[in-house]
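Structure below; questions to follow.
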Amino acid sequence: MLVDGAEVVGCTSLYDESPAWLWTEEERARPGLFVASTWIHPRYAGQGVGCQLAWWALDHAARAGRVCVRRATVEPALVAYYRDVQGWRIVREVRRRDRAVTALTRRAQAMPGLLIPPYAA
């Protein structure tokens with residue numbers, strides 16, 4: 001959770017397990033984290049808070065000895081943003097509950113330019 005004083009600016013949820021319906025057994029065997037959700041307060045939209053939280057997840061995973069971070073989305077605009085702006089790689093798309101879900105991954109890595117402290121969340 002990222003806060004500004006007493007106000008929540010944004011938060012993200014990380015899990016040790018990645019969904020079996022989206023990731024293969026071989027992929028899930030590689031030590032990684034799964035970003036299940038990210039929320040940004042509307043007042044902070046467009047200010048790069050979500051990107052900073054994604055960078056924090058990559059940095060946190062690297063510090064924890066993980067090799068990758070996985071995430072998924074049903075929003076085509078987010079797929080393009082994650083791929084083109086944040087550098088995530090599309091792994092596959094699957095149908096789930098009548099929606100197309102796109103799985104993406106990135107190598108865990110230290111993020112020295114991180115604007116939020118590594119363990120402030």
Within-4.5 Å side-chain heavy-atom neighbours: F34 and L14 = no

State, to 0.1 Å, how close W55 and Q86 come at their nearest heavy-atom pair, and which atoms those are.
-> CH2-O, 3.2 Å

With the side chain counted from C-beta on, respond yes when T102 and E75 share a heavy-atom pair under 4.5 Å apart, and no when they do not.
-> no

Cluster overlap V67 with L22, hydrophobic side-chain contacts below 4.5 Å | no

State, to 0.1 Å, how close A110 and D59 come at their nearest heavy-atom pair, and which atoms those are.
-> CA-OD1, 3.4 Å

Do Y82 and T73 touch side chain to side chain, with heavy atoms closer than 4.5 Å?
-> yes

Can any side-chain N or O of D4 pair as donor or acceptor with the backbone N or O of V9 at less than 3.5 Å?
-> no

For A61 against C68, the heavy-atom pair lying closest together | CB-O, 4.4 Å

State, with a plain yes or no, whether a side-chain heavy atom of V69 is found less than 4.5 Å away from one of T105.
-> no

Residues R30, E25: salt bridge by 4.0 Å N-O rule | no

Sequence neighbours excluded - salt bridge (charged side-chain N to carboxylate O under 4.0 Å, His left out) pairs with any residue from residues 11-23 = D16-R66

Nearest heavy-atom approach of T12 to T38 is OG1-OG1, 2.8 Å

Kindly indicate whether the side chain of L104, heavy atoms from C-beta on, has any atom under 4.5 Å from the side chain of V91.
-> no

On the 0 to 90° scale, with breaks at 30° and 60°, tag the H60-W56 ring pair as parallel, tilted or perpendicular.
-> parallel

Look up atom CG in L53 and atom OG in S37, then write down how far apart they are to the nearest 0.5 Å.
-> 10.5 Å

Test side chain to side chain donor-acceptor pair (under 3.5 Å), reference S18, set R28, R70, R71, output is R70

Would you say V74 and W23 are hydrophobically clustered, going by side-chain heavy atoms of ILVMFWY under 4.5 Å?
-> yes

Would you say E93 and V101 make side-chain contact, with heavy atoms under 4.5 Å?
-> no

Short side-chain to backbone donor-acceptor contact, R95 and D98, under 3.5 Å = yes

Flag side-chain contact, heavy atom, 4.5 Å: Y81 against P76 = no

Mind checking whether M111 and Q52 have side chains closer than 4.5 Å, heavy atoms only?
-> no

No-hydrogen, no-angle side-chain donor-acceptor test under 3.5 Å, R106 and Q109 = yes

Between L58 and W88, does a side-chain contact (heavy atoms from CB on, under 4.5 Å) hold up when you go through it step by step?
-> CA-CA 11 Å; L58 295 170; W88 295 78; 4.2 Å; yes

